[in-house]
Asks: 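First, the structure itself, so that you have it in front of you.
In this text the structure is predicted, and so the values were computed from the model without any measurement. Below, chains carry the letters A, B, ... as their sequence lines are ordered, and counting in each starts from 1.
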Amino acid sequence: MKHKFRHSLRFKLLTISLSLLVIPWAGYRFIQDMESILRQSQDDTLMSSAALLAGRLQPEAFPAVSVPVTGSRHPRPDVYVHLLSHQPQLDGYGEDWGRLRASGTDYRLQGGPGFLLLMGAWGDHYYLLLEVDDPVRNYFQGAEVVAAQGDHLLLAFTDQEQHLRQYLIAPRAPGRVAARAIGGAGDLLQPEQRIQGYWQEIAGGYSVELRIPKQLVGNKLALSQYDKESGLHQATSDMTQLNRMGNLVGRSVRLQTLLRQANIPDSRIWLTDINGHVLAGHGRLPMELTATTGSAGTPWFVHRLFSLILRQQVKDSPPVITNDSNMSADHLSAALAGGPSVSYHRPPDKDSLVVSALYPVNQGGDIKGILVVEQSTAAILSLQNQALQRLLTITLAVMSVIGLVLLGYASLLTRRIRQLVHQVEQAVTSDGRIIGQFARSDKPDELGELGRGFSRVLSRLAGYNEYLEQMASRLAHELRTPIAVVKTSLENALEVGDGSSAKYLDRALEGTSRLDQLVTQLTEATRLEQSLDQIAKYPVDLGQLLRVNLELLSSAYPEERFELVAENGHTWVVAAPELVTQALENLIRNALDFRVPDSVISIELAETPDHALVSVCNQGPMLPDGLDPFKSMVSVRREKSATPHLGLGLYLVRLIAQFHQGQASAANRIDGSGVCVTLGLAKQCADLTRHSGT
Amino acid sequence: MPRTIAIVEDEPAIRDNYAELFSRQGYQVQSYANRLEAEAGFGKGLPDLAILDIGLDDEFDGGFELCRALRAMSPTLPIIFLTARDGDLDTVSGLRLGADDYLTKAISLPHLTARVAALFRRVDALRESVQQADNDLITAGELQLDMDRLTATWQESPLELTVTELWLVHALVRHPGHVKSRNQLMEAASVYVDAATITSHIRRIRNKFRLLDTDFDAIEAVYGAGYRWND
């Protein structure tokens, strides 16, 4: 029997073994937990390193900076001095400032004048670059310079002695410009030769480059721009009051040195003032992750899997800081609020994160600056990747092995069970007689026990069946003696009697002879069953057998009419001819008992590819539904017939059919006129090993 | 002088019935219930014919023993085995005890009487040295049947057939080439047994022929339906 695979035990075992998938899932969760623990630990370590470092920084080393006031006209009073990488060409154009132009501070108003200011230091000079929005440029004309008559710039700074100096830059035309000092009373003095500048027109406005020697300048500086067209000023900070003027803020060597002493591996450290200007910076972040891209052995889908898992976390982090000079306010906001904080940033095109620990540097309750220590999580990430890889590989391997082992064992078990089923079925015929031995299994497990249980049950049943069968023959044997007693007594009585009771004695004798026939039939059935093993089968022409039998039948029953319906060719079967004849005789006797008088009994021979079928058909009453006439002792007779019967005749026919690996069946004729009983014989026999006897 | 028939049968009713039957027919009857009694009786004087039951009292093969003992005392004494079981016939013949006939207790009394009479006839015929010209002789090939004396010869050598076997062969030989069904053979030999018994009778007959002639194949089984004699 073939079951659908999804009903089989193996399928169920496989499904159950899918629960093993819990293992890699648990492992994955574990790795995730480990990762967050490690990250937490990294954050903590970083923070404590930052705290340590911040403690070592002397707040006095921080330059004075302007505290931002919300709502003030000058939100960014301090001017940051960049460290230039090369000397700019003083020509008024800012292209040679390079990348730095993007870091300029924006002093533009909505709908009003404004400019972009960039200040840098090179050698002994400060350089300033302004790019001003001014669509209508008004130059000064005439010998006298009155401030409001044209677009001009005002420069104010403190000198080394903290004195305020102011200068006017009022061009008459593009090109070289001079900075004229403004005296205490507001009068214009001679141009300061040491300050050089160039004024050039550019699209949308003009661009100014100034060069000021460092020794001129103290630590405060402010710049403003006047547009004649609109009449509006725009300044970096207050131009006259020293305490409100913006500071010059730049990288501090002292602080840089202090940072260099920090010993935080694989880190990048910034020190900014409260406005976000970078005062010192040190270190570089190693950006490559080890061991994720390097594992060439893992297949591509493993990488995809990893990126699926990991990118989730990286995706929602802000990008990493790339600006060397300035940090955005929101980046520092948490630290400015007073507490140390940790934030995460995403480096471009990388899977790792950058951890930023921000630590405010305090002096007496005031925040002087902010220490930013950055580290990459690359190390942790590569650890995690490695672990995940190992996990995946191992669990896949383990699961496949376990799955295969389970499947194999389940196959073994199902094979044993099927064998058991087959053996059990082979041992019993389709009508319940036990014909085979059942091999005892010697396996100690439950299946072996099951097999042994079957074997015990079958042998008990076989013993009981044997006992029952023998009972029949023993009974028959025992009956013969009393029957003989009765018969001989009756016969004697008939002989010596005076004839008056002859007819009673005759009837009695008739009764005993019927008894005798019954007993004979009983023993015949038993003997046939027992002798079946010894009877040999050999090739027999069934057609010829039927023809011979027909002859004999005609001479045995001269009043009856028989006809044979068969082709004249040869129909070879492997059979025991005396058994076939006996079965035929039983079938004929059965037909004779049932037939309508004077009707023909026909014997028909038919063939299928594997079997030959001999049918004896008679006209007469039909078989009732649900009756199996082949079961012994089943007898349905409408009238009493001459021969007594136990209903064994057809039972013998079935036995003989089974002996020939065929089947006996009974069916009503299609036209409803009677019954056909068919004996089927296999054409080939599997065990043609015995030689013919007799 | 009336002939003596010994009946050895452990079932008293059957024994008495047989005894009274034969008495009425004029035979002297000695009846014994078991082997020991019978041997004692035979020791005193042999009967002219013995009818033995196989299963005697508690001895399963008491009848066989008795037959051997009797045969030892007289090689020509007619012995008939009576048995309740059909299957015993095979066993009996296999033992080659030299009995003259094997019958079942199902046989009717008239038939039994006829058997006994036939056996006596044979004994008498064997004793007579004169061959009568009008013997009922049937010849078929190398077989010669004398139905008066109930003897048979094959290739001039005598065949040791029981009366039953003789009648079976006679039935076959009467119409050589014709197939006789087993029922027909049963009727002819006055034996009413099942088909398998006829088969074993025929087998025994063939074996007896083959003892004399290993090439004997004149009795042919035809599809298990019957037998015929081929010349």
Asks: Just give me the residue among A/A576, A/S489, A/P482 that pairs up with chain B most often, heavy atom to heavy atom, under 4.5 Å.
Replies: A/S489
Asks: In terms of heavy-atom pairs under 4.5 Å, which option from A/T481, A/V540, A/I483 contacts chain B the most?
Replies: A/T481
Asks: Take atom CD of B/E220 as the centre, draw a 6.0 Å sphere, and report whether it contains more than 12 heavy atoms from other residues, nucleotides or ligands.
Replies: yes
Asks: Quick check: closest heavy atoms across A/E585 and B/R182, and the distance to 0.1 Å?
Replies: OE2-NH2, 4.3 Å
Asks: Do the non-hydrogen side-chain atoms of A/T488 and B/K105 ever get within less than 4.5 Å of each other?
Replies: no
Asks: State the CG-CD distance between B/N17 and A/E491, to the nearest 0.5 angstrom.
Replies: 9.0 Å
Asks: Does atom CD of B/Q155 have more than 12 heavy-atom neighbours, drawn from other residues, nucleotides or ligands, at distances under 6.0 Å?
Replies: yes
Asks: How about A/V496 and B/R24: do any of their side-chain heavy atoms sit closer than 4.5 Å?
Replies: yes
Asks: Extract all donor-acceptor atom pairs below 3.5 Å that involve side chains of residues 547-554 of chain A and protein atoms in other chains or at least two apart in sequence.
Replies:
{"unit_1": "A/R547", "atom_1": "NE", "unit_2": "A/Q544", "atom_2": "OE1", "d": "3.3"}
{"unit_1": "A/N549", "atom_1": "ND2", "unit_2": "A/L545", "atom_2": "O", "d": "3.2"}
{"unit_1": "A/S554", "atom_1": "OG", "unit_2": "A/L550", "atom_2": "O", "d": "2.8"}

Asks: Could you have a look at B/V222, B/L109, B/I14, B/L21 and say which one has the most heavy-atom pairs with chain A under 4.5 angstrom?
Replies: B/L109
Asks: Going by the rule disulfide bond (SG atoms under 2.5 Å apart), which residues pair with A/C676 if we only count those two or more places apart in sequence or in a different chain?
Replies: A/C617
Asks: Would you mind telling me which of A/T581, A/N492, A/V485 has the largest number of heavy-atom pairs within less than 4.5 Å of chain B?
Replies: A/N492
